[in-house]
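Throughout, a chain's letter reflects where its sequence line sits, starting with A, and its residues are numbered from 1. Any value given below was found using the heavy atoms of this structure, including those in side chains, with hydrogens, waters and symmetry copies removed.
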Protein chains: 2
Amino acid sequence: MSTRAEQLCAEIADAILSGDLTPGSRLDEQGLADRYQVSRTPVREALRLLAATGLIEVRPRRGATVAQVSSDQLVELFVAMGEIEATCARLSAISMSPIERRQLESLHERMAKIVDSGDEGSYAEANVVFHTRIYKGAHNSVLEEVANGLRRRLSPFRRAQFRAKGRLPLSHMEHTAVVDAILRGDADQAHQAMLRHVNLVEDTFEQMSAGVAAKRDLVA
Amino acid sequence: MSTRAEQLCAEIADAILSGDLTPGSRLDEQGLADRYQVSRTPVREALRLLAATGLIEVRPRRGATVAQVSSDQLVELFVAMGEIEATCARLSAISMSPIERRQLESLHERMAKIVDSGDEGSYAEANVVFHTRIYKGAHNSVLEEVANGLRRRLSPFRRAQFRAKGRLPLSHMEHTAVVDAILRGDADQAHQAMLRHVNLVEDTFEQMSAGVAAKRDLVA
DNA sequence: TATTCTCATATTGTATGCAATTATAAGTGT
DNA sequence: ACACTTATAATTGCATACAATATGAGAATA
């Protein structure tokens, strides 16, 4: 087992990613220390670790808050994510081993069945694996880390992404374009297909959040 | 003025980037505390901040050391850097404002004169500005941060990059291809030109480090 | 009544002390 | 002579205590 600070980092991250701690909420050091039965010291370290990943923001002398990204920043995050993913896809088309290609294809076929079953939860889960495989396939741990970091930062904002009507079959079709290009080693096509895919994810999100915003306006 | 930990972070980073602290050297908390006349607490925070940027490595219970990247990791860093820079160049070709394009062009012309003068120091300085302008021109703060972070991590390993014989005019020629593509809004060409440029930087580095390694072998 | 200044309170930043773990070195046995 | 064990020392991790600064309430004044 590692250090207490790292454990706290993971626990707090979970609390944020699960929606238990909502964006903008204040993270009181003493409060967290009490809650987790430790002193402030490891809590502080955990907060710095989280700040490094972008999940929270710490302003000197002003404490830490769960990062609340503006609409503009969210767009930037999605654009960056798309570019990084597209890069990974391009490199995967060049660098993936035959075994990795085979595994990607097999996963894609399994996901086809999940689409038919309509199980959104399973698809979301498999989707993470799908993208992770492509990060790994690029054979570059630096890019892989950046990609995983961005995905983590964005995950609070697309939890219900696949609830959008008919999104599952669409997502799978887009994946097909990506997988085909990677399997036949067409780097440029892989890049384009992945960029298109992530952009469409972004669009879906924007439509949904627009709906949520509308509801919020009605309630408020 | 910010917090003590951040100041220390900057000072230690300078010590590393200036070559004062060499890769692999141990960073004793108490030692640093004594050296900078503070207690261990802010030193610890500074070390975590540095670890987040990849400049140092901290292993639980085993202290911090200046990151020494293996030859493989170094290649990965250069590849990732190239991909990110190429992405920024492509986005710059699309997104740069007329003013930004004008500024890039002007800087490029100024650098031509520096090449003629043969002043390697001035060129290296201007080169950082050149690349930074392209990060900014992508109009995406996330990518910009990633790019700056990678550049920082790599900087210890290419300090003497422009000392390589005839590298200055070559670098400038490569820049010309990048600038031309960006100015005329040719995204694909900007991408390709930048990728080629960074790959050549990597090659240069590898030749030089091979030379250094050879010397080391002779000495040892 | 609104605004600004002051002061009290709460929270963060830093220092110090203690406990736990790891590195070091000495001593012993083969 | 070398490897292994054990004990000591040094260093990190965590807790607590103190100092410095931001925040908010309340009062005084325009």
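- Between A:R40 and C:dT12 there is no side-chain N or O to OP1 or OP2 distance below 4.0 Å.
- Summary of the strand contacts: B:T41 and B:R26 both lie near DNA chain D, and taking for each the nucleotide with the nearest heavy atom, the more 5' one is attributed to B:R26.
- Across the protein-nucleic acid pair, A:D28 atom CG and C:dT9 atom C1' stand 14 Å apart, rounded to whole Å.
- For the pair B:L32 CG and C:dA15 P, the computed distance is 14 Å after rounding to whole Å.
- Within the 4.0 Å cut-off from OP1 or OP2 of C:dT14, at least one side-chain nitrogen or oxygen of B:T3 is found.
- Using a 4.0 Å cut-off, some side-chain N or O of A:R62 falls inside it from OP1 or OP2 of D:dT23.
- Considering only the side chain of B:P42, C:dA15 comes nearest among C:dA15, C:dT11, C:dG13.
- In terms of heavy-atom proximity, B:E100 sits nearest to B:S95 at OE1-O, 4.3 Å.
- More than 12 heavy atoms of other shown residues, nucleotides or ligands fall within 6.0 angstrom of atom CD in B:Q73.
- One can place CD of A:E29 at 14 Å from C1' of D:dT21, the figure rounded to the nearest angstrom.
- There is a side-chain donor-acceptor pair under 3.5 Å between A:E85 and A:Y135.
- With hydrogens and angles ignored, no donor-acceptor pair closer than 3.5 Å exists between the side chain of B:R4 and the base of C:dT14.
- Distances shown here put a side-chain N or O of B:R48 below 4.0 Å from the OP1 or OP2 atom of D:dG13.
- Between the side chains of B:E144 and B:N140, no donor-acceptor pair is found at a separation under 3.5 Å.
- The CD-P distance, from B:Q37 to C:dT16, rounds to 11 Å in whole Å.
- Distance A:L47 CG to D:dC14 P: 14 Å, rounded to the nearest Å.
- Residue B:R61 places no side-chain atom within donor-acceptor reach of the base of C:dT22, judged by atom type and a 3.5 Å distance cut-off alone.
- Summarising the geometry, the separation between CZ on A:R59 and P on D:dT21 is reported as 18 Å, rounded to the nearest angstrom.
- A straight line from CD of B:E6 to P of C:dT12 spans 15 Å, rounded to a whole angstrom.
- OP1 or OP2 of D:dA15 has not a single side-chain nitrogen or oxygen of A:R44 nearer than 4.0 Å.
- Between A:S39 and D:dA15, a side-chain N or O to OP1/OP2 separation shorter than 4.0 Å is present.
- In this structure, B:L21 CG and B:D14 CG are separated by 10.5 Å, a value rounded to the nearest 0.5 Å.
- Atom P of nucleotide D:dA9 and atom CD of B:Q30 are separated by 18 Å, given to the nearest angstrom.
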